[in-house]
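To keep things clear, I will list the structure first and then write my remarks on it.
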Amino acid sequence: MKEKLYTIELHDALLSGDECPFCYLERDLEQKAIEFVLGSSYMESDTRDQTDRQGFCRHHTKMMYDYGNSLGNAWILKTRMKHMREGLRKEMAAFKPGASQTSVLGLLRKKEPSGANGTSVGNWIREEEGHCFVCARVDDTYRRVIDTFLYQVKHEKDFLDLVKQSKGFCVHHFADLADACAAGLNEKEQSQVFPVLFEQMNRELDRIQEDIDWLIEKYDYLNKDKDWKNSRDAVQRTMQKLVGGHPADPVFRNQK
Ligand SMILES: [Zn+2]
Ligand SMILES: [Zn+2]
């Protein structure tokens, strides 16, 4: 089956004026996933089976709390707890003191793949923390948006002009885009797309740098009557450019 292309969504995101089209789409996907999970889906056994097994990362747990719906959250937590308790009980029962490879170095390297270091109990917990129902839903579509970008580079001759009109990408998402272009485009296509992307990245980072520099200058009393230019919201835009996301967004809440 042919994968769905997100052509319209990608075009809209590039023209949205956002500092990164992928942040723009990610926000939408994330909010839809939270709405889905705390809508009526939590009473469906196949969804709950997935949320029991996959759980939620800290970021999305916070989003679920902020979104509201105590009863929905309680149902999801009730059976996720059951899943975690069963697994943890088994791990703790099988644990043999002194038999593990625990070392200070192992603890410092806790981000390494499970089994590399640390206790079996610790590794099991970290493994559980390594997946999230919302992240998985968002990532799945995000991958296809990146594929759509490559498809457009290959098939839509004006697509790079559209990219040039956008404000470029945050550094975080740029890593995925650069890797995807290198893996999915042929040499000729790469030699067309990379110079555009790199030149744009330099230009847009220059622009953001100017904005954040001027914000600091504006605090100098000598500049108090000067124009803010584009620096009023430079803090949140610089944060986004560096790490992705929309730090100035209001909390996402259930409006119903
Ligand atoms: Zn981004
Ligand atoms: Zn997550």
Side-chain angles (χ1 to χ4, degrees), residues 6 9-39 41-42 47-48 50-67 69 72-73 76-77 80 83-84 111 125-150 162-181 197-198 200-205 207-208 211-212 233-249 251-252:
Y6 287 80
E9 290 88 343
L10 182 59
H11 277 232
D12 290 349
L14 283 164
L15 295 174
S16 67
D18 198 295
E19 290 293 346
C20 170
F22 299 121
C23 286
Y24 180 85
L25 289 166
E26 186 181 66
R27 170 167 60 191
D28 186 50
L29 295 171
E30 205 174 32
Q31 292 182 349
K32 283 189 177 131
I34 296 285
E35 273 170 348
F36 172 80
V37 81
L38 284 169
S41 75
Y42 62 86
T47 307
R48 274 278 285 299
Q50 287 178 51
T51 60
D52 289 351
R53 281 184 288 104
Q54 293 184 279
F56 300 91
C57 68
R58 190 183 291 194
H59 168 65
H60 289 127
T61 298
K62 168 73 174 142
M63 270 189 89
M64 286 164 72
Y65 179 83
D66 287 339
Y67 183 74
N69 189 356
N73 270 305
I76 292 162
L77 291 166
R80 171 67 178 158
H83 174 91
M84 286 295 277
K111 292 279 179 200
I125 293 170
R126 276 173 217 118
E127 179 100 21
E128 282 296 317
E129 287 179 335
H131 42 74
C132 161
F133 179 81
V134 176
C135 282
R137 256 181 105 89
V138 170
D139 282 353
D140 185 52
T141 309
Y142 169 60
R143 293 285 144 206
R144 278 181 272 154
V145 171
I146 295 264
D147 286 346
T148 305
F149 189 99
L150 302 195
L162 186 70
V163 173
K164 282 183 208 163
Q165 285 172 49
S166 77
K167 291 189 170 168
F169 308 90
C170 75
V171 170
H172 171 75
H173 286 127
F174 195 61
D176 296 334
L177 184 62
D179 287 358
C181 286
L197 294 181
F198 289 168
Q200 181 178 42
M201 184 48 98
N202 282 327
R203 189 176 66 239
E204 299 301 326
L205 290 179
R207 171 177 62 80
I208 291 279
D211 293 347
I212 199 82
D233 59 351
V235 168
Q236 57 262 44
R237 287 187 296 106
T238 309
M239 285 175 170
Q240 180 184 359
K241 227 33 169 189
L242 286 171
V243 300
H246 299 93
D249 267 5
V251 164
F252 180 61

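Both counts, for ligands and for their atoms, begin at 1 and track the order of listing.
For Glu129 and Arg126, the salt-bridge test fails: no basic side-chain N is under 4.0 Å from an acidic carboxylate O.
Among the heteroatoms counted here (N, O or S) of His173, ND1 is the one nearest to the Zn ion (ligand 1).
At a cut-off of 2.8 Å, measuring from the Zn ion (ligand 2), the protein N, O or S atoms that fall short of it are Cys57 SG, His60 ND1, Cys132 SG, Cys135 SG, waters left aside.
Taking the six-membered ring where tryptophan is involved, the planes of Phe56 and Phe133 are perpendicular, since the angle between them exceeds 60° and thus also 30°. Ring-plane geometry between Phe22 and Phe149 is classed as tilted, the angle between the planes lying from 30 to 60 degrees on a 0 to 90 degree scale.
Taking backbone and side-chain atoms together, His172 has no N/O/S atom less than 2.8 Å away from the Zn ion (ligand 1).
Residues Leu162 and His11 have side chains in contact (heavy-atom distance under 4.5 Å, counting atoms from C-beta outward).
Panel note: side chain Glu128, backbone Met84; no donor-acceptor pair is recorded below 3.5 Å.
Here the closest non-hydrogen pair linking Met64 and Leu38 is O-CD1, 3.6 Å. The minimum heavy-atom distance linking Gly245 with Pro247 is given by the pair O-CD, 3.5 Å.
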